[in-house]
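Indexing begins at 1, ligand by ligand and atom by atom, following the structure's order. Here the structure is a predicted model, which is why all the values come from computation and not from measurement.
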Amino acid sequence: MPDSVAAIVDKYNREQGYIVSILQDIQEEQHYLPRAALQEVSKLLAVPMSQVYAVASFYKTLSLVPRGKHVIQVCTGTACHVRGAARIVDKLERDLNVQRGRTTFDKRFTLEEVRCVGACAMGPVVVVDKDTHGNVNLDNVDNVIKKYD
Ligand code: FES
């Protein structure tokens, strides 16, 4: 059963200094930060909603809109681009029936393009959640994705 927002805040002893960790834990559990969760954090930490919102908007790993259970990030930096990253994005859009930047209807995947993830020698690179997959191509991308359900 998922932790409630209150349980997560309590885990950090309701300390304001842990607000980023608290928001990350909520994001991990709910795959994004619903407004109601931000309001609860604001109340429990006694931090103004504007400040909670500012933190939630600042960090790229935090999302204010619903995301899929798994986030697929295709690197389209220069090194990956010249090795065919755009074709991988196109294929994933077709196969998953989702546009880049969007989440599949079943909320299983969010598909994103990202710039260099620092693994250029392994390009094209696809990062799924925290896993980095190198040398991805049109033939093996299905195998990479099917591990995530
Ligand atoms: S350009 Fe893709 S990892 Fe650097």
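- Under the 3.5 Å distance criterion, the side-chain polar atoms of R100 are left unmatched by any main-chain donor or acceptor of E93.
- No donor-acceptor distance shorter than 3.5 angstrom exists from the side chain of S42 to the backbone of L38, with no hydrogens or angles considered.
- Although no hydrogens or angles enter the test, the distance criterion places a donor-acceptor pair under 3.5 Å between the side chain of N140 and the main chain of N137.
- Heavy-atom proximity to V117, at under 4.0 Å, picks out these atoms of ligand 1: 3 (S).
- Not a single N, O or S atom of C116, from either the backbone or the side chain, sits less than 2.8 Å from atom 2 (Fe) of ligand 1.
- Contact annotation: C75 places no N, O or S atom under 2.8 Å from atom 4 (Fe) of ligand 1.
- Near C120, meaning under 4.0 Å from any of its heavy atoms, are these atoms of ligand 1: 1 (S), 3 (S), 4 (Fe).
- For residue H81, no N/O/S atom approaches atom 2 (Fe) of ligand 1 to within less than 2.8 Å.
- Using a 4.0 Å cut-off between charged side-chain N and carboxylate O, R108 and D149 make no salt bridge.
- Of all the atoms in ligand 1, the ones that sit under 4.0 Å from a non-hydrogen atom of G77 are 1 (S).
- Ligand 1 does not have G123 within reach: every non-hydrogen atom of the residue lies 4.0 Å or more from it.
- Between Q30 and R67 there is no side-chain heavy-atom pair separated by less than 4.5 Å.
- Between the CG atom in D129 and the CD atom in E28 there is a gap of 9.0 Å [rounded to 0.5 Å].
- Here is the list of ligand 1 atoms found below 4.0 Å of a heavy atom in A79: 1 (S).
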